[in-house]
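Here the structure is laid out as structure tokens; the discussion comes afterwards.
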Amino acid sequence: MYEQKTKPTDASVNEFIEQIEKPSKKQDAYRLLDIFYEETGYEPVLWGPSIIGYGAYHYKYATGHEGDATITGFSPRKTAHALYLDPGDDRREELLSKLGKHKSGKSCVYINKIADIDEAVLREMIRRTVTAVKERYPE
């Protein structure tokens with residue numbers, strides 16, 4: 001049987017951030033911590049070893065595979081901050097075009113530093129993610 005690897009932990013989010021070696025990356029991680037909290041209202045939880053998540057939902061696929069995931073969050077990685085935002089947002093490309101300097105993958109948006117982006121656009125993307133996930137996976 002499949003066991004989910006990325007699960008919420010009891011580890012301290014602040015202790016995790018304090019382990020970041022580069023001072024500017026650590027400062028940005030604390031800023032993202034505040035931004036995500038302010039926009040979601042959820043307390044941050046460390047999911048697995050490196051994802052700071054906000055809120056949670058339960059999913060179940062047609063295949064029968066099911067599990068729990070964080071609604072949104074970020075991971076302060078060595079090269080860039082990975083932001084977990086709704087990949088199905090119908091305004092994603094429009095908002096990304098206004099976000100500022102970033103790279104994007106299927107479900108993550110990568111930023112090097114907060115100074116490179118428009119914080120208001122990030123905040124809107126976070127709010128839209130929370131709304132979309134709650135609609136897609138009602139409790």
Side-chain angles (χ1 to χ4, degrees):
M1 178 171 215
Y2 171 81
E3 182 169 339
Q4 190 171 327
K5 292 177 185 168
T6 306
K7 300 185 237 184
T9 71
D10 292 329
S12 167
V13 171
N14 286 342
E15 286 178 18
F16 169 68
I17 291 174
E18 281 301 313
Q19 294 174 9
I20 298 170
E21 293 177 14
K22 188 174 180 185
S24 60
K25 185 153 298 280
K26 184 186 297 188
Q27 183 178 355
D28 277 355
Y30 277 119
R31 184 68 190 125
L32 287 168
L33 192 70
D34 290 342
I35 291 169
F36 275 83
Y37 175 73
E38 290 165 7
E39 296 308 322
T40 67
Y42 294 113
E43 290 293 331
V45 172
L46 196 61
W47 285 68
S50 63
I51 296 173
I52 299 170
Y54 296 80
Y57 67 96
H58 186 79
Y59 62 86
K60 185 172 183 177
Y61 298 136
T63 61
H65 174 81
E66 62 183 294
D68 297 301
T70 184
I71 293 174
T72 188
F74 70 98
S75 181
R77 297 183 182 166
K78 203 166 202 96
T79 56
H81 293 284
L83 312 176
Y84 299 95
L85 302 165
D86 184 18
D89 187 343
D90 60 356
R91 290 189 53 215
R92 182 179 174 93
E93 292 307 314
E94 171 198 344
L95 291 168
L96 286 176
S97 72
K98 297 175 182 177
L99 182 63
K101 187 177 175 184
H102 73 280
K103 292 181 181 179
S104 60
K106 184 176 180 185
S107 61
C108 291
V109 175
Y110 303 93
I111 63 169
N112 291 325
K113 54 189 175 193
I114 292 180
D116 289 343
I117 64 165
D118 184 330
E119 190 178 302
V121 174
L122 173 58
R123 288 175 178 275
E124 182 176 355
M125 293 181 81
I126 294 167
R127 288 190 304 270
R128 291 179 62 82
T129 295
V130 172
T131 299
V133 171
K134 283 181 163 184
E135 286 176 359
R136 214 174 292 133
Y137 301 96
E139 293 180 41

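- Here the side chain of Ser50 pairs no donor or acceptor atom with the backbone of Ser75 at under 3.5 angstrom.
- No donor-acceptor pair closer than 3.5 Å links the side chain of Thr72 to the backbone N or O of Leu85.
- You'll find the side chain of Tyr59 stays beyond 4.5 Å of the side chain of Arg136, heavy atoms only.
- More than 12 heavy-atom neighbours from other residues, nucleotides or ligands sit within 6.0 angstrom of CD on Glu119.
- Annotation: side chain of Lys101 is in contact with side chain of Asn112 (closest heavy-atom distance under 4.5 Å).
- Without hydrogens or angle criteria, Thr70 side chain to Gly55 main chain gives a donor-acceptor distance under 3.5 Å.
- Distance CD1/Ile117 to CG/Leu96: 10.5 Å, rounded to 0.5 Å.
- Annotation: side chain of Val130 is in contact with side chain of Thr40 (closest heavy-atom distance under 4.5 Å).
- Distance check, rounded to the nearest 0.5 Å: CD of Gln27 to NZ of Lys22 gives 11.5 Å.
- One distance of note links CD1 of Ile51 with NZ of Lys7; it measures 14.0 Å at 0.5 Å rounding.
- Between Ile52 and Leu46 there is a side-chain heavy-atom pair separated by less than 4.5 Å.
- The main-chain N or O of Ile114 is found under 3.5 Å from a side-chain atom of Asp28 such that the two form a donor-acceptor pair.
- By the rule that hydrophobic residues join a cluster once side-chain heavy atoms approach within less than 4.5 Å of another member, Tyr84 and Tyr110 end up as members of separate clusters.
- More than 12 non-hydrogen atoms from other residues, nucleotides or ligands lie less than 6.0 angstrom from CD of Glu38.
- Using a 4.5 Å heavy-atom cutoff, the side chains of Asn14 and Leu33 are in contact.
- Considering every non-hydrogen atom in both Pro87 and Arg92, the closest pair reads CA-NH1, 3.6 Å.
- Once rounded to the nearest 0.5 Å, the distance linking SG of Cys108 with NE2 of His102 reads 12.0 Å.
- Classification of the Phe36-Tyr54 ring pair by plane angle, with boundaries at 30° and 60°, yields parallel.
- Nearest approach of Gly67 to His58, heavy atoms of both residues: O-ND1, 3.1 Å.
- At a threshold of 4.5 Å between non-hydrogen side-chain atoms, the residues Asp118 and Glu124 do not count as touching.
- The aromatic rings of Phe74 and His81 lie perpendicular to each other, with more than 60° between the two planes, well past the 30° mark.
- Between Thr129 and Ile71, the closest heavy-atom pair is CG2-O, 3.5 Å.
- Across all their heavy atoms, Gly48 and Thr6 have their closest contact at N-CG2, 4.2 Å.
- Across all their heavy atoms, Lys60 and Gly64 have their closest contact at CE-O, 4.3 Å.
- Within the 3.5 Å criterion, the main-chain N or O of Glu18 finds a donor-acceptor partner in the side chain of Lys26.
- In this structure, the separation between CD on Glu43 and OH on Tyr37 is 4.5 Å, given to the nearest 0.5 Å.
- Screening Asp86, Val133, Leu95 for a side-chain contact (heavy atoms from CB on, under 4.5 Å) involving Arg128 leaves a single residue, Leu95.
- At a threshold of 4.5 Å between non-hydrogen side-chain atoms, the residues Leu83 and Leu32 count as touching.
- Between Glu21 atom CD and Lys78 atom NZ the span is 5.0 Å, to the nearest 0.5 Å.
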